[in-house]
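Here is the naming used below: chain letters follow the sequence lines, and residue numbers restart at 1 for every chain.
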Amino acid sequence: MGTVYITQEDAFIGKTDERLHVKFDKKTILDVPLIKIDGVVVLGRATISPAAISELLERHIPLTFLAETGRYLGRLEPEVSKNIFVRKAQWQAAGESVQAIHVVQGFVRGKLKNYRNMLIRRQREFPDLDLAAYITRLEQAIAPIDTTNSINSLRGLEGAGSAAYFSCFHQLIRATEFTFTTRSRRPPTDPVNSLLSFGYSLLRHDIQGAIDIVGFDPYLGYLHCERYGRPALALDLMEEFRPLIVDAVVLSALNKRLLTSAEFVTEPLSHAVSLTWEGRKTFLRLYAQKKQSEFKHPVLGRKCSYQEAFELQARLLAKYLMGEIEKYPPLVLK
Amino acid sequence: MNVVISYDISEDKRRTKIHNILKSYGQWVQYSVFECQLSDTQYAKLRWRLNKLIKPDTDSIRFYFLCACCFGKVERVGGEPLYDDTIFFAECADG
């Protein structure tokens, strides 16, 4: 099963027989069986035929729209899962409940531990780096998580940990032509930030898909507060995956020189940096490879890919909220 | 399940139709030969769709099943390479 990325501007997405059919300039540029597809992502503008829309909805294939730069615009969602019990449990835990505090602890712990493990691993690979101070700062943020019982304080710990991580992120980039000072977004104003933002948009498409399958309401989160049109739960569940997938892909793309500064363009007025057409393709391919790569799930003890892990983590969360398991185990990889 | 499907259809119009259906279920590897990786339901649906079309006295369709182990051992010299079905790009060849 794969994701279709429509990178051609002004493409026409149609359907023939049981296949998704993409045309541009009256020529067919893609023709894939719908049974091989589990998501469609449109970058930029595209026309979609009514038949294709209803077929995608029918087959529960989510369709996501991203701006050319990778900014998330919205998605066309199939009917939400009928599992009312999951949603009921999700709503019952809203606010400062015991369960909400527990899962927020899990999200924050997962994210920060993955940050820490990433720094430790880089430190080992490149002994010339001096990351010890940042690792200590991260550990100071991780230590009080389990005894902190207010969601706001947990948000503070998360912020402190992320700040520590991003203040040494520039040291992880081994390519001299790229620098990173601080995280900037809306719009990202340097290549590294633009890759991170693009990666997080792609990750959000995948996590939101997993959440829908399990039957959650994506707009009610615990770590992220509710805001009109913000899929807070998707953002919550993303936390532990950010360093594992997106940051890892960004770093390997830059450090292995798979992307060079020639692949970025700056928009003169807003200084927004985005990828060129070629660069975007390279990055999408790397992201897809990462998603399919396999590892041993530390809790379930079996092999799975990151793509499967999105759904597994969402199911574990559902089980915890419905009281079937004692704890929510965030995905932490060594 | 992994299925190699080959067909011999006497009439052009019907052959095109069958070819078109098969394209929705797997990869076209040679004239009249498809390789498909299907679930039980997908296979059943494909069978049903083909069944409605063919004339059994003049046409023939064969389904050869390969176990996962044998499928991994298939040697392919030349011809269509198997596509990577984890990611699809819709783009124009000349950019």
Side-chain angles (χ1 to χ4, degrees), chain A residues 1-44 46 48 55 59 202 276-278 280-294 305-307, chain B residues 1-5 7 9 12-29 33-54 61 63 65 68-69 71-72 80-95:
Chain A
M1 298 289 264
T3 311
V4 177
Y5 292 95
I6 318 270
T7 52
Q8 178 64 54
E9 190 87 338
D10 291 325
F12 174 81
I13 306 165
K15 175 206 134 180
T16 40
D17 198 67
E18 294 179 59
R19 298 192 300 279
L20 195 74
H21 190 159
V22 184
K23 275 185 179 173
F24 175 69
D25 207 11
K26 292 183 184 130
K27 284 193 297 278
T28 299
I29 52 175
L30 185 78
D31 191 13
V32 278
L34 282 158
I35 55 168
K36 302 279 183 203
I37 300 177
D38 56 13
V40 180
V41 179
V42 176
L43 290 121
I48 302 165
E55 188 75 24
R59 287 172 185 261
L202 296 174
T276 59
W277 188 83
E278 258 319 305
R280 207 162 62 199
K281 229 176 84 184
T282 313
F283 189 76
L284 283 172
R285 186 160 281 138
L286 289 169
Y287 176 79
Q289 275 166 3
K290 183 75 191 178
K291 234 170 47 176
Q292 301 296 334
S293 62
E294 289 193 325
S305 67
Y306 286 105
Q307 175 88 63
Chain B
M1 64 177 87
N2 304 298
V3 207
V4 176
I5 303 173
Y7 54 89
I9 313 289
D12 286 353
K13 201 171 153 195
R14 208 160 53 237
R15 190 184 319 115
T16 314
K17 276 189 183 159
I18 283 175
H19 177 90
N20 239 322
I21 293 174
L22 283 168
K23 272 212 303 200
S24 300
Y25 287 83
Q27 194 185 353
W28 186 29
V29 287
V33 179
F34 276 83
E35 283 183 21
C36 307
Q37 284 166 288
L38 303 171
S39 68
D40 291 358
T41 348
Q42 288 162 354
Y43 174 67
K45 193 166 173 215
L46 173 62
R47 271 280 301 273
W48 175 76
R49 286 194 62 187
L50 293 175
N51 246 339
K52 282 200 303 184
L53 258 177
I54 57 163
I61 301 182
F63 301 86
F65 294 92
C69 167
F71 191 71
E80 279 291 303
L82 280 196
Y83 55 54
D84 164 20
D85 63 6
T86 58
I87 182 164
F88 304 98
F89 284 109
E91 67 208 351
C92 211
D94 51 27

How about CG on A/Asp10, more than 12 heavy atoms from neighbouring residues, nucleotides or ligands closer than 6.0 Å, or not? yes
Answer with side chain, backbone, both or neither: which region of B/Ile21 has an atom nearer than 4.5 Å to a non-hydrogen atom of chain A? both
For B/Thr16, what residues pass the side chain to side chain contact (heavy atoms under 4.5 Å, CB included) criterion, not counting sequence neighbours? none
Taking B/Arg49 first and then A/Glu18, would you say they form a salt bridge - that is, a charged N and a carboxylate O separated by under 4.0 Å? yes
Side chain, backbone, both or neither: which part of B/Gln27 has a non-hydrogen atom closer than 4.5 Å to chain A? neither
If you round to the nearest 0.5 Å, how far is CD1 of A/Ile35 from OG of B/Ser24? 8.0 Å
Check the surroundings of atom NZ in B/Lys17: do more than 12 heavy atoms from other residues, nucleotides or ligands lie under 6.0 Å from it? no
A/Asp31, part contacting chain B, at a heavy-atom distance under 4.5 Å: side chain
Picking from A/Leu20, A/Val22, A/Val4, which has the most non-hydrogen pairs under 4.5 angstrom with chain B? A/Val4
Counting only non-hydrogen atoms closer than 4.5 Å, does B/Lys45 touch chain A with its backbone (N, CA, C, O), its side chain (CB onward), both, or neither? side chain
Heavy-atom check, side chain of A/Leu30 versus side chain of B/Phe88, under 4.5 Å: yes
Under 4.5 Å from any heavy atom of chain B - which part of A/Lys281: both
Is A/Leu284 in contact with chain B via its backbone, its side chain, both, or neither, using a 4.5 Å heavy-atom distance? both
To the nearest 0.5 Å, what is the distance between NZ (A/Lys36) and OH (B/Tyr25)? 11.5 Å
Correct closest heavy-atom pair for B/Asn20 and A/Asp17 would be O-OD2, 3.8 Å
